[in-house]
Amino acid sequence: MSDLWPTELRVSKDRQRLVVTFNDGASFDLSAELLRVLSPSAEVQGHGPGQKVTVPGKRNVAIISMTPTGNYAVRIGFDDMHDTGIYTWAYLRELGEKGAELFAAYERELAEKGMSRDRSERPR
């Protein structure tokens, strides 16, 4: 995986999608919602096993900033002021390859907790 890096990171005009193209030609169209609710930040993932939270109400979240972090990642800022997620190239690739599966699991978590993609409330 260390031999893969993005050759292009392009945010859509409506700021709700990020297209990531890798040096091997693979390209992925990732929604801002997916990136936000699966943020690699401690706020979402926690600091250890079993601490991950489900973040509701982000259907219309938008990307407002992207800041390079060394040669290995990008920090993405969202219009809900979340900006602590550092997305490594490997993690962006994983989201591209497994995004549908990961998002389906997220939707199941929302349903199990009685939460919604449209209603903002405290993550749990």
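Only a predicted model underlies this, so the values are computations on that prediction, with no experimental measurement involved. Side chains are part of it too, since the values below use all heavy atoms of this structure and drop only hydrogens, waters and symmetry mates.
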Any link between [X] and [Y] through a network of hydrophobic side chains (Ile, Leu, Val, Met, Phe, Trp, Tyr) touching at under 4.5 Å?
| X | Y | result |
| --- | --- | --- |
| F22 | I76 | yes |
| V74 | V19 | no |
| I86 | V53 | no |

Side-chain heavy atoms of [X] within contact of [Y], under 4.5 Å:
| X | Y | answer |
| --- | --- | --- |
| L34 | Y106 | no |
| N71 | W5 | no |
| L110 | V37 | no |
| D24 | R93 | yes |
| I64 | M81 | yes |
| E107 | R117 | yes |
| D79 | V61 | yes |
| M66 | L18 | yes |

So, the side chain of [X] versus the backbone of [Y]: is there a donor-acceptor pair under 3.5 Å, distance only?
| X | Y | value |
| --- | --- | --- |
| Y72 | A90 | no |
| Q51 | G48 | yes |
| D14 | A62 | no |
| T7 | T21 | yes |
| Q16 | S31 | no |

Review point. Taking everything shown except K113 itself, do over 12 heavy atoms lie less than 6.0 Å from its NZ?
Key: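 Correct, the count exceeds 12.
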For the [atom1] atom of [X] and the [atom2] atom of [Y], what is their distance to the nearest 0.5 Å?
| X | Y | atom1 | atom2 | result |
| --- | --- | --- | --- | --- |
| F28 | L30 | CZ | CG | 8.0 Å |
| W89 | N23 | CH2 | CG | 11.5 Å |
| R17 | L35 | CZ | CG | 9.0 Å |
| S39 | D83 | OG | CG | 9.5 Å |

What are the two closest non-hydrogen atoms of [X] and [Y], and how far apart are they?
| X | Y | answer |
| --- | --- | --- |
| T54 | E109 | OG1-OE1, 2.9 Å |
| S41 | T84 | CB-OG1, 3.3 Å |
| P40 | Y91 | CD-CE2, 3.8 Å |
| A32 | I63 | CB-CG1, 3.8 Å |

Check your understanding: Which residues satisfy the side-chain contact (heavy atoms from CB on, under 4.5 Å) test with E121, sequence neighbours excluded?
Key ->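 Here the qualifying residues are P56, M115, R119, R124.
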Review point. What pairs with D118 under side-chain hydrogen bond (donor to acceptor under 3.5 Å, both in side chains), at least two apart in sequence or on another chain?
Key: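 So D118 forms a side-chain hydrogen bond (donor to acceptor under 3.5 Å, both in side chains) with R59.
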